[in-house]
Visitor: 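The structure that follows is given in the form of structure tokens.
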Amino acid sequence: MDAWDAWIGRSENRQDHIDPALVRRWLAMLDMEELSDDVVPQGLHWCLCTPETATAGLGPDGHPLRDASPNSFLPPVPLPRRMWASSIVEFLTPLHIGEHLSRRSKIMSIAEKSGGSGSLVFVEVEHLTAGAKGTAIREVQTIVYREAAAPDAPLTPPPLGETAFNPADWTTHHIVSPNEPMLFRYSALTFNSHRIHYDLPYATDVERYRGLVVHGPLTATLMLDLASRQFGNNALSGFAFRGLSPAICGELLHLVMRENDAEIEFGAFADDGRAVMAASAIRKI
């Protein structure tokens with residue numbers, strides 16, 4: 001029997017509602033204008049049905065502790081570093097301000113692999129978010145656990161090089177610079193206490209990042225905002241993203257997009273052209 005077989009199929013349920021104040025704070029975090037109706041922009045679902053672990057139940061990295069008890073949703077993988085590696089999202093029905101929600105999360109698979117940085121464990125989690133009209137969003141999220149960084153490991157990503165990102169191959173190009181207040185606000189909205197996003201000494205000395213790390217779903221949210229500005233609110237039926245390298249707080253982030261019929265390709269790049277995130281989407285017909 002595989003070490004993690006007991007966790008396959010394990011599920012948990014959460015309840016929430018789309019509070020108008022939460023939506024206003026989310027819009028303020030993104031410097032977006034007030035909505036013209038009660039339809040919630042795509043991407044806000046990552047701020048809903050969030051974990052509510054007591055502070056005493058958090059581990060050294062700020063994530064909820066994991067153990068072998070039946071109450072532990074995620075398996076007690078003995079690798080300390082955790083990253084949100086990717087997501088595949090289906091937008092089935094728009095969400096509305098004031099709507100009451102339920103989210104059922106289920107572990108789909110757990111796989112152990114080896115990479116250039118050592119042992120890795122990938123955990124796939126399905127999230128079904130349902131509102132008044134049934135399932136509104138289906139997402140399959142991949143979490144990766146990694147070995148601890150050596151105290152003398154080189155900081156990642158490497159320092160910015162002398163090359164410059166060239167947006168010539170893309171039809172839409174937008175530059176943002178996620179700063180400390182934006183990261184703080186997104187951590188607050190998602191109730192995410194992972195210390196790599198706000199604790200600079202921890203991020204650099206323990207996890208060996210070159211600075212505070214921009215949340216993966218925040219970068220994905222900025223891509224969804226780019227699509228919304230181009231095509232209108234709730235224009236996508238599907239969206240998938242994959243993290244390639246960390247985006248660092250305070251550095252320019254180039255968001256780009258190009259369209260091929262109903263398919264859209266996105267990219268996020270550091271100022272020197274280093275790929276940060278790749279994404280794709282399908283427009284509603």
Side-chain angles (χ1 to χ4, degrees), residues 1-18 43-93 95 99-115 117-131 133-148 187 189-197 207 215-218 220 238-243:
M1 180 178 179
D2 187 87
W4 312 117
D5 282 354
W7 268 264
I8 305 299
R10 187 170 293 201
S11 64
E12 67 173 8
N13 297 283
R14 299 187 182 279
Q15 310 291 323
D16 207 341
H17 79 286
I18 305 178
L44 186 132
H45 72 282
W46 286 314
C47 303
L48 301 169
C49 298
T50 59
E52 298 174 350
T53 305
T55 303
L58 300 178
D61 64 350
H63 279 302
L65 289 167
R66 308 180 304 276
D67 58 34
S69 73
N71 296 325
S72 180
F73 173 60
L74 290 169
V77 175
L79 300 175
R81 302 173 70 197
R82 171 177 164 174
M83 295 171 54
W84 187 327
S86 64
S87 273
I88 301 173
V89 185
E90 297 175 64
F91 296 110
L92 304 174
T93 304
L95 297 173
E99 193 168 3
H100 288 268
L101 305 172
S102 64
R103 177 173 295 161
R104 182 174 184 269
S105 301
K106 182 174 71 173
I107 294 180
M108 305 291 288
S109 68
I110 303 174
E112 298 184 56
K113 299 181 181 180
S114 294
S117 59
S119 298
L120 303 167
V121 174
F122 292 85
V123 180
E124 278 192 337
V125 183
E126 178 190 60
H127 302 286
L128 297 178
T129 301
K133 296 182 178 180
T135 302
I137 298 172
R138 178 181 185 268
E139 176 176 5
V140 177
Q141 174 194 2
T142 300
I143 302 167
V144 60
Y145 294 94
R146 304 167 58 196
E147 293 180 359
S187 287
L189 287 167
T190 55
F191 206 52
N192 179 358
S193 49
H194 194 185
R195 292 169 64 184
I196 64 172
H197 304 305
E207 299 219 14
H215 314 64
L218 175 54
F239 178 73
F241 72 85
R242 178 168 57 94

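FYI, the numbering just counts along the sequence from 1. What's counted below: heavy atoms across the whole structure, side chains too, no hydrogens, waters or symmetry copies.
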Visitor: Using side chain to side chain donor-acceptor pair (under 3.5 Å) as the criterion, list what pairs up with Ser102, not counting sequence neighbours.
Guide: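 Per chain and number, Ser102 pairs via side chain to side chain donor-acceptor pair (under 3.5 Å) with no residue.
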
Visitor: Could I get the full list of side chain to side chain contact (heavy atoms under 4.5 Å, CB included) partners for Phe73, not counting sequence neighbours?
Guide: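 Checked Phe73 against side chain to side chain contact (heavy atoms under 4.5 Å, CB included); matches are Arg10, Glu12, Ser105, Ile107, Val125.
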
Visitor: Taking side chain to side chain contact (heavy atoms under 4.5 Å, CB included) as the definition, give me every residue that meets it alongside Glu124, ordered by chain and number, with sequence neighbours left out.
Guide: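 Side chain to side chain contact (heavy atoms under 4.5 Å, CB included) list for Glu124, sorted by chain: Met108, Ser109, Val140, Thr142.
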
Visitor: Which pairs count as salt bridge (charged side-chain N to carboxylate O under 4.0 Å, His left out) when at least one residue sits in residues 103-113, sequence neighbours excluded?
Guide: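 Not a single pair qualifies under salt bridge (charged side-chain N to carboxylate O under 4.0 Å, His left out).
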
Visitor: Could you pull out all residues at least two apart from His197 that satisfy ring pair (Phe, Tyr, Trp, His ring centres under 6.0 Å)?
Guide: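 Checked His197 against ring pair (Phe, Tyr, Trp, His ring centres under 6.0 Å); matches are His194, His215.
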
Visitor: Please examine the side chains of Leu189 and Leu44, heavy atoms only from C-beta on, and report whether any two atoms are closer than 4.5 Å.
Guide: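 Leu44 does not reach Leu189 side chain to side chain.
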
Visitor: Mind checking what makes side chain to side chain contact (heavy atoms under 4.5 Å, CB included) contact with Pro78, not counting sequence neighbours?
Guide: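 Only Trp4 meet the side chain to side chain contact (heavy atoms under 4.5 Å, CB included) criterion with Pro78.
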
Visitor: Using the salt bridge (charged side-chain N to carboxylate O under 4.0 Å, His left out) criterion, which residues pair with Glu126? Sequence neighbours excluded.
Guide: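 Checked Glu126 against salt bridge (charged side-chain N to carboxylate O under 4.0 Å, His left out); matches are Arg138.
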
Visitor: Could you list all the salt bridge (charged side-chain N to carboxylate O under 4.0 Å, His left out) pairs where at least one residue sits in residues 66-89, not counting sequence neighbours?
Guide: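 Passing the test, one end in residues 66-89: Arg81-Glu207.
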
Visitor: What I want to check is whether the side chains of Ser87 and Gln141 have a donor and an acceptor closer together than 3.5 Å.
Guide: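 No, no side-chain donor-acceptor pair sits under 3.5 Å.
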
Visitor: Under the side chain to side chain contact (heavy atoms under 4.5 Å, CB included) test, which residues partner Asp16, sequence neighbours left out?
Guide: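 Here the qualifying residues are Leu48, Cys49.
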
Visitor: Which residues satisfy the side chain to side chain donor-acceptor pair (under 3.5 Å) test with Arg146, sequence neighbours excluded?
Guide: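 If we apply the side chain to side chain donor-acceptor pair (under 3.5 Å) test to Arg146, skipping adjacent residues, there are no hits.
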
Visitor: Looking at residues at least two apart in the chain, or sitting in another chain, which of them share a side chain to side chain donor-acceptor pair (under 3.5 Å) with Trp7?
Guide: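 Checked Trp7 against side chain to side chain donor-acceptor pair (under 3.5 Å); zero matches.
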
